[in-house]
Amino acid sequence: MEKIWHIITMIPPGRVISYGKVADYAGLPGRARYVSKALKTAPDAMQLPWHRVINSQGKISFKENSAAFQEQMELLRLEGIEVIRGRVKLMNYEWRPDMATLVMAMPF
DNA sequence: TCTTTGACGCTTC
DNA sequence: CGAAGCGCCAAAG
């Protein structure tokens, strides 16, 4: 859980990443669902950039009618990310941290 | 205990 | 695209 949050805090503005990737970088391959839960239970006080986490299809994982959906879409747009029908082009906006960055920030 | 339920993901058809 | 199947696993009932 800690690691997951840690990874998320590292996501730079204007970039996004998928649940699955977060899980991978956190050392929990195949546990994307766990990441979503980690986000849900994350303390608001932590100021996590939760909106920068979307699913592997580049889509926002909320119902299109939900308030959360709208909110996330706005936050992303405020960072200069183009969101079409709740979807962003991972090709252009996916965050690809390099090894050094990860190793640097992750204790064994 | 067992079953259902997710802010998910990948492959197949 | 979209739907179906299967994998994954903590929580809640």
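Below, read A as the first sequence line, B as the second, and so on, with proteins coming before strands; counting in each chain starts at 1. Bear in mind the structure is a predicted one, so any value in this text is a computation, not a measurement.
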Any side-chain heavy-atom pair of A:Lys21 and A:Trp95 under 4.5 Å
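A:Lys21 vs A:Trp95: side chains apart.
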
Determine the interatomic distance between [atom1] on [N] and the same-named atom on [M]; round to the nearest Å.
N: C:dA12; M: B:dT1; atom1: C1'; answer: 14 Å
N: B:dG6; M: C:dG7; atom1: C1'; answer: 14 Å
N: B:dT4; M: C:dC8; atom1: C1'; answer: 15 Å

Within the distance-only criterion (no hydrogens, no angle test), does the side chain of A:Asp44 pair as donor or acceptor with the backbone N or O of A:Gln47 below 3.5 angstrom?
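No, A:Asp44 side chain to A:Gln47 backbone: no donor-acceptor pair under 3.5 Å.
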
Please check: side-chain N/O of A:Gln57 versus main-chain N/O of A:Arg87, any donor-acceptor pairing under 3.5 Å?
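Pair absent, no side-chain N/O of A:Gln57 close to backbone of A:Arg87.
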
Test A:Tyr25 against A:Lys3 for side chain to side chain contact (heavy atoms under 4.5 Å, CB included), laying out the working first.
CA-CA 9 Å; A:Tyr25 298 145; A:Lys3 279 190 168 184; over 6 Å; no

Report yes if at least one side-chain N or O of A:Ser56 is closer than 4.0 Å to OP1 or OP2 of B:dG9; otherwise report no.
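For B:dG9, OP1/OP2 do have a side-chain N/O of A:Ser56 under 4.0 Å.
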
Spacing between A:Asp24 atom CG and B:dG9 atom P, to the nearest angstrom:
10 Å

Starting the side chain at C-beta, find the nucleotide from B:dG9, C:dC1, B:dA7 nearest to A:Arg87.
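Of the candidates, C:dC1 comes closest.
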
Surrounding CE of A:Met46 (heavy atoms of other residues, nucleotides or ligands, distance under 6.0 Å), is the total greater than 12?
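Yes, enclosed.
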
Heavy atoms from other residues, nucleotides or ligands near CD of A:Gln70 exceed 12 (cutoff 6.0 Å)
yes

Please enumerate all protein N or O atoms sitting under 3.5 Å from an N or O of nucleotides 6-13 of chain C, with distances to 0.1 Å.
{"unit_1": "C:dC9", "atom_1": "OP1", "unit_2": "A:Arg31", "atom_2": "NH1", "d": "3.0"}
{"unit_1": "C:dC9", "atom_1": "OP1", "unit_2": "A:Arg31", "atom_2": "NH2", "d": "3.4"}
{"unit_1": "C:dA10", "atom_1": "O4'", "unit_2": "A:Lys37", "atom_2": "NZ", "d": "3.0"}
{"unit_1": "C:dA10", "atom_1": "O3'", "unit_2": "A:Lys37", "atom_2": "NZ", "d": "2.2"}

